[in-house]
Amino acid sequence: MGVYSEQELSELGFASVGCNVRVSRLASFYGVSRITLGDHVRIDDFCVLSAGVGGIVIGRNVHIAVYSSLIGAQLIQIDDFANISSRVSIYSSSDDYSGQTMTNPTIDEQYKNVHHGKVHIAEHVIVGCGSVILPAVTIGQGAAVGALSLINKSIEPWHIVAGQPAQFIKMRKQDLLGLAAQFMAKNSGSDDV
């Protein structure tokens with residue numbers, strides 16, 4: 001994966017970029033001045049980040065895998081140590097599918113009824129490949145979303161969910177919190193985390 005240099009990332013015009021950020025040259029960005037990238041973020045090939053007025057805020061040690069997309073007018077926030085697997089789609093805006101209004105970005109707003117809502121993915125969340133996250137949801141700390149899931153409502157912390165729409169499966173272990181503390185202690189002050 002060919003990545004942008006620190007200087008090139010600075011020149012792209014992000015709101016802010018942390019240290020040791022690895023962004024593929026094959027990723028696409030829109031509304032780049034409303035996108036914040038924390039320390040040690042990795043964004044792989046063919047990802048699309050399209051920030052509306054609410055922006056996109058990505059914490060530290062976050063991975064966004066190949067072919068994923070983050071799109072919408074409202075804020076999309078991904079907290080520290082979260083993992084977005086390949087082909088995940090996160091939307092903070094969605095068209096009205098009822099047929100009462102028109103859809104798509106080529107139509108004037110007066111003819112549409114677009115639903116907007118903040119999406120918050122808390123720390124230590126993992127989202128499995130091919131999943132879709134719709135507007136106005138929070139995925140609580142440490143939750144795990146199985147592959148090919150549809151997230152249309154908020155998920156409680158440490159819940160493992162899967163399905164279309166996603167349903168509770170069981171609780172996730174919290175052992176990783178101790179590991180995260182060890183990781184941060186070992187790497188405090190290091191740009192190589």
Side-chain angles (χ1 to χ4, degrees), residues 12-17 23-24 26-38 41 43-59 62-80 82-123 125-141 143-157 159 161-167:
L12 286 174
F14 286 97
S16 69
V17 176
V23 175
S24 169
L26 299 176
S28 298
F29 300 95
Y30 304 92
V32 71
S33 66
R34 295 182 297 273
I35 299 173
T36 298
L37 305 176
V41 166
I43 300 174
D44 292 348
D45 295 348
F46 311 114
C47 290
V48 176
L49 279 68
S50 180
V53 295
I56 296 173
V57 176
I58 299 173
V62 171
H63 176 226
I64 301 175
V66 64
Y67 289 106
S68 290
S69 60
L70 287 68
I71 298 171
Q74 290 295 316
L75 173 65
I76 297 174
Q77 178 178 333
I78 303 175
D79 291 345
D80 301 349
N83 186 40
I84 307 300
S85 299
S86 60
R87 299 187 185 276
V88 169
S89 298
I90 302 171
Y91 299 100
S92 66
S93 297
S94 180
D95 284 310
D96 177 351
Y97 283 67
S98 71
Q100 294 176 330
T101 62
M102 295 179 72
T103 64
N104 90 52
T106 68
I107 304 300
D108 295 339
E109 291 300 317
Q110 68 189 32
Y111 302 105
K112 301 188 299 183
N113 181 29
V114 178
H115 170 67
H116 305 285
K118 174 185 173 182
V119 174
H120 180 203
I121 298 173
E123 63 183 7
V125 167
I126 182 167
V127 180
C129 69
S131 294
V132 175
I133 300 171
L134 295 179
V137 300
T138 295
I139 302 177
Q141 179 186 30
V145 175
L148 301 173
S149 293
L150 172 65
I151 306 302
N152 61 359
K153 62 183 178 183
S154 292
I155 306 299
E156 293 294 322
H159 280 200
V161 300
Q164 300 166 356
Q167 301 294 317

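- In terms of heavy atoms, I78 sits closest to I90 at CD1-CD1, 4.3 Å.
- In terms of heavy atoms, Q141 sits closest to A122 at N-CB, 3.3 Å.
- Distance CG/L37 to CG/L49: 7.5 Å, rounded to 0.5 Å.
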Inset, instruction - List the steps and the verdict of side chain to side chain contact (heavy atoms under 4.5 Å, CB included) for K118 and T138. - result: CA-CA 8 Å; K118 174 185 173 182; T138 295; over 6 Å; no
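- Here the OG1 atom belonging to T101 is positioned 7.5 Å from the CG atom belonging to D95, to the nearest 0.5 angstrom.
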Legend entry - Working for side chain to side chain contact (heavy atoms under 4.5 Å, CB included), residues D108 and M102: CA-CA 9 Å; D108 295 339; M102 295 179 72; over 6 Å; no
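- Going from atom CG of L75 over to atom CD1 of I56 covers 9.0 Å, rounded to the nearest 0.5 Å.
- In this structure, the side chains of V17 and V23 stay at 4.5 Å or more apart for every pair of heavy atoms.
- Of the possible donor and acceptor atoms, one in the side chain of S68 sits under 3.5 Å from a partner among the backbone N and O of S85.
- For the atom pair CG (L70) and CD1 (I43), the distance works out to 8.0 Å, reported to the nearest 0.5 Å.
- Atom NZ of K112 is surrounded by more than 12 heavy atoms from other residues, nucleotides or ligands within 6.0 Å.
- Other residues, nucleotides and ligands place more than 12 heavy atoms under 6.0 Å from the CD atom of Q110.
- Side chain of Q74 to main chain of V119: no donor-acceptor pair is present (N/O by atom type, distance under 3.5 Å, no hydrogens or angles).
- Ring pair Y67/F46 is parallel by interplanar angle, where below 30° counts as parallel and above 60° as perpendicular.
- When all heavy atoms of I35 and Y30 are compared, the pair lying nearest together is CD1-O, 3.9 Å.
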For residues 126-137, which side-chain donor-acceptor pairs fall under 3.5 Å, sequence neighbours excluded?
{"from": "S131", "atom 1": "OG", "to": "G128", "atom 2": "O", "distance (Å)": "2.9"}
{"from": "S131", "atom 1": "OG", "to": "G146", "atom 2": "O", "distance (Å)": "3.1"}
{"from": "S131", "atom 1": "OG", "to": "S149", "atom 2": "N", "distance (Å)": "3.2"}

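- Separation of atoms CD1 (I139) and CD1 (I155) is listed at 6.0 Å; rounding is to 0.5 Å.
- The two residues H63 and N83 come nearest to each other via the heavy atoms ND1-OD1, 3.1 Å.
- The line from CD1 of I84 to OG of S69 is 11.0 Å long, rounded to the nearest 0.5 Å.
- In terms of heavy atoms, D44 sits closest to V66 at CB-N, 3.5 Å.
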Inset, instruction - Let me see the working for N113 and H115 under side chain to side chain contact (heavy atoms under 4.5 Å, CB included), right down to the final yes or no. - result: CA-CA 6 Å; N113 181 29; H115 170 67; over 6 Å; no
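- The minimum heavy-atom distance between S92 and A73, with the atom names listed, is OG-N, 3.4 Å.
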